[in-house]
Structures are given as C-alpha cells and as structure tokens.
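Here the structure comes first, spelled out in structure tokens, and everything after it is commentary.
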Amino acid sequence: MENPSKIAIIGGGISGIAAAKQLRKHNPVVFEATDCIGGVWKHCAFRTTKLQTPRCDYEFSDFPWPERDNSSFPSNIEILEYVHQYATHFDVLKFVEFNSKVVEIRFIGERRKSDEYGSLLSGQPVWEVGVQTSGSETIQWRTFECVVICAGKYGDIPMIPKFPQNKGPEVFKGKVLHTLDYCKMNQEETTQLLKGKKVVIFGYKKSAIDLAYECALENQGPEGQTCTMVIRTLRWTVPHYSVWGLPFSMFYSTRAAQFLHERPNQGFFRSLVCTALSPVRKIMSKIIESYLTWILPLEKYGLKPDHPFEEDYASCQMPILPENFFVEADKGKIDFKRTSKWGFWEGGVELDDGSRLEADVVVLATGFDGKQKLNAMIPDPLIRSLLEFPSGMMPLYKGTINPLIPSMPFVGYFESVSNLHTAEIRCKWLSRLVDNKFKLPSVEKMLLDTMEEIDIMKRTTRFYKRSCISTFSINHTDEICEEMGWKAWRKSNWIAEAFSPYNSQDYAEKEE
Ligand SMILES: Cc1cc2nc3c(=O)[nH]c(=O)nc-3n(C[C@H](O)[C@H](O)[C@H](O)COP(=O)(O)OP(=O)(O)OC[C@H]3O[C@@H](n4cnc5c(N)ncnc54)[C@H](O)[C@@H]3O)c2cc1C
Ligand SMILES: NC(=O)c1ccc[n+]([C@@H]2O[C@H](COP(=O)([O-])OP(=O)(O)OC[C@H]3O[C@@H](n4cnc5c(N)ncnc54)[C@H](OP(=O)(O)O)[C@@H]3O)[C@@H](O)[C@H]2O)c1
C-alpha cells in the first residue's frame, strides 16, 4: 500500500474527529463502526436531547458555533450539523472509513526495555487492528504504530442490571427495553410505546429524567398514565445555570473558584491551604443546595440527596432538568420511588420493601458499559489488566496516555463540564507529543501522577469512578499547556484570569 498510515483512530465521535483534525498531517485512518460521524449525538439521543450547557461551552477552539452567543442549548441535530461542518471545513472526513468496526487490537511490538519513552511513533508497527466492514464476515488486519482509542464511554453497549433467578425480565409479561433501544425508535414508535401505558423507568440521571419527561408529554390529559421513576441514588439536579442570581460558573469554573479545590501535584503548602479552605467549599456547596431546595420541590417528592452538591459536581453526575419537569410531576404525570434492589414479577416490578408496581413497559435508563466496549476490542488479558487500576479507574497521564502502553492513547475517557473541550485540548497535546515537541516523563513519574490524580478524585467525591476533573479542570489544562510550551494563564488581565470562566476559546492557537 502507498504511504500507509501510521496512526489509527478508533471512533468517529467528537473525540475521534478532534483527534483526526489535530493529527491530520499524519494522514490517520479513522475507523468508524457506523455510517456517520458524531457518535452518541447520532445513536444515543432522544427527540428532546439537547446539550446540557450553552453552545459556547461545547465548541472547538478554532471553529465557533454560528450564533455562538445564542444562550439556548442546541439540540442533538444541531450538534451533529456543527460536527459535520467542522469535519468538512478541516477536510477530515477523507480519513474516515465508515461501517468499519474494529473487532480486535493485538500488540505486535517489542516489550519496553527502559523506563523512558522515545518517540510515540517508533518506526515499527506495534499494533495489529482487525476491522470488519458491514456486510462482510472477513476481518481485515492492518498494522499501525499508534492506535488512538476514541470509542466512547457511553452508547453502543447498555448496562443491564443483574437479577436473581426468577426475578429477571423473563418473568414479566410486559415490555422491557433499555434507553439505547428507545433512541432507535421514531416518534410514532415512541408514542405507541408510552401513550396510555404504565411506564416504569429505572435510573435518576440524565437519560432517565429526559425519558420521564417525554413519557409525561405523551400522557397528557385525563386518559394519560403516570410514569414512575425508580431511583437507587438521589442526585442534585439543576434547572438552569444561575444560583441566587449569580452565574453558576462563578462557583466552579473560574481560577478563583477552583483555587478552593484540591488538585494533583499541589505540594504541601497548597494542601494546607485547601484544608484550611474546606469550610469555604462547604459553604459554596450549601449555597447551591439551599437554592436548589428552594427553587425545586425536592423535599415534597423526597428527592433531596443526603450528600453535598459538590460531590455530584466533582463526579460529573449533575443532570440538567428539562424546563417543565416538575410541572409534569405536579400534574401527577411523573412519580418517584426509591429502592436499592428490585426485580420483576409478571405484572411489573417489585421493590426492596416488597411493594409491587404494575407496569406495561419498563425502561432501563441504567447507563452504558464502556468497559465492556473496550474489552470487546482488546481480548489480550495482559493488556486489559494494564487498562485499569484496582479502583476501577483508568490510569491516564494527562487524561490520555496509559503509562505502560503509550502507543495506545485514549481520548474521551476523562470528563469535565464540556467533554468536547476536554477531548480537544488533549488531542492538541497528543499531536505535539507525536511530533516530538516534548517527551513523556518516566513511567514512574506518569504512574505517580495518575495515582495522585485518582486519589484526589476519590477524596473529593464518593462517586469518583468517572475520571471527572471538573473541580480542577483549569489546573489540568495548565499542565497540558506547560508541556506543550504554551502559556498556561491565557486571559488578558488579572481580573479576568481570576474571575472569568475558562472555555475552549481560551485555548485557540495563537503564536506562542
Ligand atoms: C445522550 C448523551 C448526551 C450527552 N450530552 C453531553 C453534554 O451535554 N455535554 C457534554 O460535555 N457531554 C455530553 N455527553 C457525553 C458525550 O459522551 C461526549 O460529550 C462526547 O460526545 C463523546 O464523544 P466520543 O467521541 O468520546 O464518544 P462517542 O460519541 O461515543 O463516539 C464513539 C464513536 O466510536 C465508534 N465506535 C465504537 N466502537 C467502535 C469500534 N469497535 N470500531 C469502530 N468504531 C467504534 C462509535 O460508533 C462512535 O461513533 C453526552 C452523552 C450522551 C450519551
Ligand atoms: N445532554 C443530554 O441531554 C444527555 C442526555 C442523556 C445522557 N447524557 C449523558 O450521557 C451519559 C450517560 O447518562 P445516562 O443517564 O444514560 O446513564 P448514567 O449517568 O450512567 O446513569 C445511570 C442511572 O441508572 C441507575 N442504575 C444503574 N444500574 C441500576 C440498577 N441496577 N438499578 C437501579 N438503577 C440503576 C444509576 O443509579 P446510581 O446513580 O445509583 O448508579 C443512574 O441513576 C452521562 O454523561 C449523561 O450526562 C446527556
């Protein structure tokens, strides 16, 4: 083959397209299992799915949204159009091989002999990638020096709860589906599924909340049924981005706000400062909790969490409510139950207190199994064992490089307030690493770094498993900038530096 690509990118979602754009001078191959780019925004969205933030927070640094100051949250269709325009503008679609699913990745390189890494592109093939194109049984094997995993944490594989014998969906006479199945339905089919039906939804995060809202809309009027949400863990939900008239960003997205929070590599003095400032953090969290309890009927419906707001924010688990969510609850169209365990009976579901709910339809809004998606591509038990620490979290230096497998970078596995920005800045860093503009530190240093980061996540929130950096995102990006040789503090003056939120536009490439 003429000038074969050295870099494979797996997945054509936001992360894969951002990676392809940044690595474009290496002519990467992007393997995309489906027939389009956009990932979850195409395959995992409901009719009412919107971005959870204003558009200017989910924006490529060199490609502003049209009408970027429009404060409305764009729909999934608008996001797909935006990603498509971006990919077309930077001519990266030519790298994408559609309907090409990576079914296996094998290591064919040599074992590392020293604690230091040289170039990420070693000059030798290191990975063999097995690709199956739609409609074909055969697997084509291609070799690469570097494989960037952008297969996504969500979508594709549903997380299905496990049930004791005789308590699973097989005993239930009604219909059971996961939100992933629901996403594939058109409007007529969803109406048929929900209208006039007793629907029970498991989950109390974004998919569950949006689905309950859609279910309520289908069940208006006296003939309509109530949709019941069954909740395992309560979350702080947020109706909009202001708190007692103050912008939400003031609490977490500025340098001044993040100064209150622990961060990796902070040193002894900063640790002392953070301990001393912990009452201020608690007060900030309490201010938000008091506002949410005041503005939303959380106490009325038994929906006030016992844990601090800060823990949901620090674990990237803070759903934004559809505008009239509690209006529908007040009309009796949405009801709430709590349970830690549950199972099916023939007429519905049974909760841990023995009570039974009748149901025609049960929807599992129970999330996705991103780990299973990776494992399906990487059968080698040795490599799999390197992919996560015993804590269940992925050890990723700068949210990208596994210290023991640097030629397999990951993008899209660290989360923050805007996952587009989080992915894009890491792709910029990765492309400079590939170009040998800087070197990775020693394996030991990278491992220490990742372990410290994980420790901080664990100390900040009991719900830490998502690799969420939302309380120290600016500092994380500072370190990325410094490694790239960029200025870390990017605002025009000190006041803006301290008090205005950081977003992707701050990292638009200027001559440094
Ligand atoms: C419904 C929904 C709404 C969301 N809303 C927000 C939001 O408002 N703000 C925010 O910041 N984040 C949001 N997120 C998180 C979202 O996951 C990220 O913002 C981002 O879109 C993820 O992009 P990605 O490219 O990493 O993954 P994905 O979008 O999952 O893309 C992965 C791609 O890889 C492909 N793929 C997977 N396996 C293979 C394989 N074996 N071979 C080839 N191709 C493969 C898939 O087909 C897919 O196209 C949302 C997630 C969901 C599910
Ligand atoms: N922008 C948008 O509009 C939008 C829409 C949908 C999704 N998203 C994003 O997509 C990602 C996935 O969201 P998601 O809501 O689909 O999944 P999720 O965040 O993983 O939430 C899964 C929900 O199911 C519950 N659950 C899991 N297993 C259960 C079980 N066995 N029994 C009872 N409950 C169980 C979880 O409870 P616990 O909390 O107890 O684990 C949680 O409430 C998130 O990042 C989300 O922000 C965004």
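Each ligand, and each atom within it, is numbered from 1 in the order the structure gives.
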Between [X] and ligand 2, which part of the residue brings a heavy atom under 4.0 Å of the ligand: side chain, backbone, both or neither?
{"X": "K50", "value": "backbone"}
{"X": "W342", "value": "side chain"}
{"X": "F46", "value": "neither"}
{"X": "A365", "value": "backbone"}
{"X": "R466", "value": "side chain"}

Going by the atom numbers of ligand 1, which of them fall below 4.0 Å from some non-hydrogen atom of [X]?
{"X": "T34", "value": "47 (O)"}
{"X": "M377", "value": "41 (N)"}
{"X": "F31", "value": "43 (C), 44 (N)"}
{"X": "C150", "value": "32 (C), 33 (C), 34 (O)"}
{"X": "S15", "value": "23 (O), 24 (P), 25 (O), 26 (O)"}

Taking only non-hydrogen atoms of [X], do any sit less than 4.0 angstrom from ligand 1?
{"X": "V103", "result": "no"}
{"X": "S418", "result": "yes"}
{"X": "A376", "result": "no"}
{"X": "G12", "result": "yes"}

query = Heavy atom under 4.0 Å from ligand 1: found in A45's side chain, backbone, both, or neither?
reply = neither
query = Of the backbone atoms (N, CA, C, O) and the side-chain heavy atoms from C-beta on, which set of E32 has a member under 4.0 Å from an atom of ligand 1: side chain, backbone, both, or neither?
reply = both
Classify the ring geometry between [X] and [Y] as parallel (under 30°), tilted (30 to 60°) or perpendicular (over 60°).
{"X": "F326", "Y": "Y301", "answer": "parallel"}
{"X": "F63", "Y": "H89", "answer": "tilted"}
{"X": "H476", "Y": "F472", "answer": "tilted"}

ask   = Looking at ligand 2, does D210 have a heavy atom less than 4.0 Å from it?
value = yes
ask   = Rounded to the nearest 0.5 Å, how far apart are CG of L364 and CG of D181?
value = 9.0 Å
inquiry  = I'd like to check whether V102 has a polar contact with ligand 1, where a contact means an N/O of the residue lying under 3.5 Å from an N/O of the ligand.
reply    = yes
ask   = Heavy atoms only: which of M159, R232, K205 is nearest to atom 37 (O) of ligand 2?
value = R232
query = Any idea which of K206, H178, E415 brings a heavy atom closest to atom 46 (C) of ligand 2?
reply = K206
inquiry  = Taking the two cysteines C215 and C227, do their sulfur (SG) atoms come closer than 2.5 angstrom to each other?
reply    = no
Would [X] and [Y] count as a close aromatic pair, with their ring centres under 6.0 Å?
{"X": "Y82", "Y": "Y86", "value": "no"}
{"X": "Y502", "Y": "H421", "value": "no"}
{"X": "H43", "Y": "Y154", "value": "no"}

task = Going by the ring pair (Phe, Tyr, Trp, His ring centres under 6.0 Å) test, name the single residue among W141, F144, F107 that passes it with W127.
result = F107
message = Out of all atoms in ligand 2, which are within 4.0 Å of some heavy atom of Y204? Include the element for each.
response = 43 (O)
ask   = Within a distance of under 4.0 Å, is there any protein heavy atom near atom 4 (C) of ligand 2?
value = yes
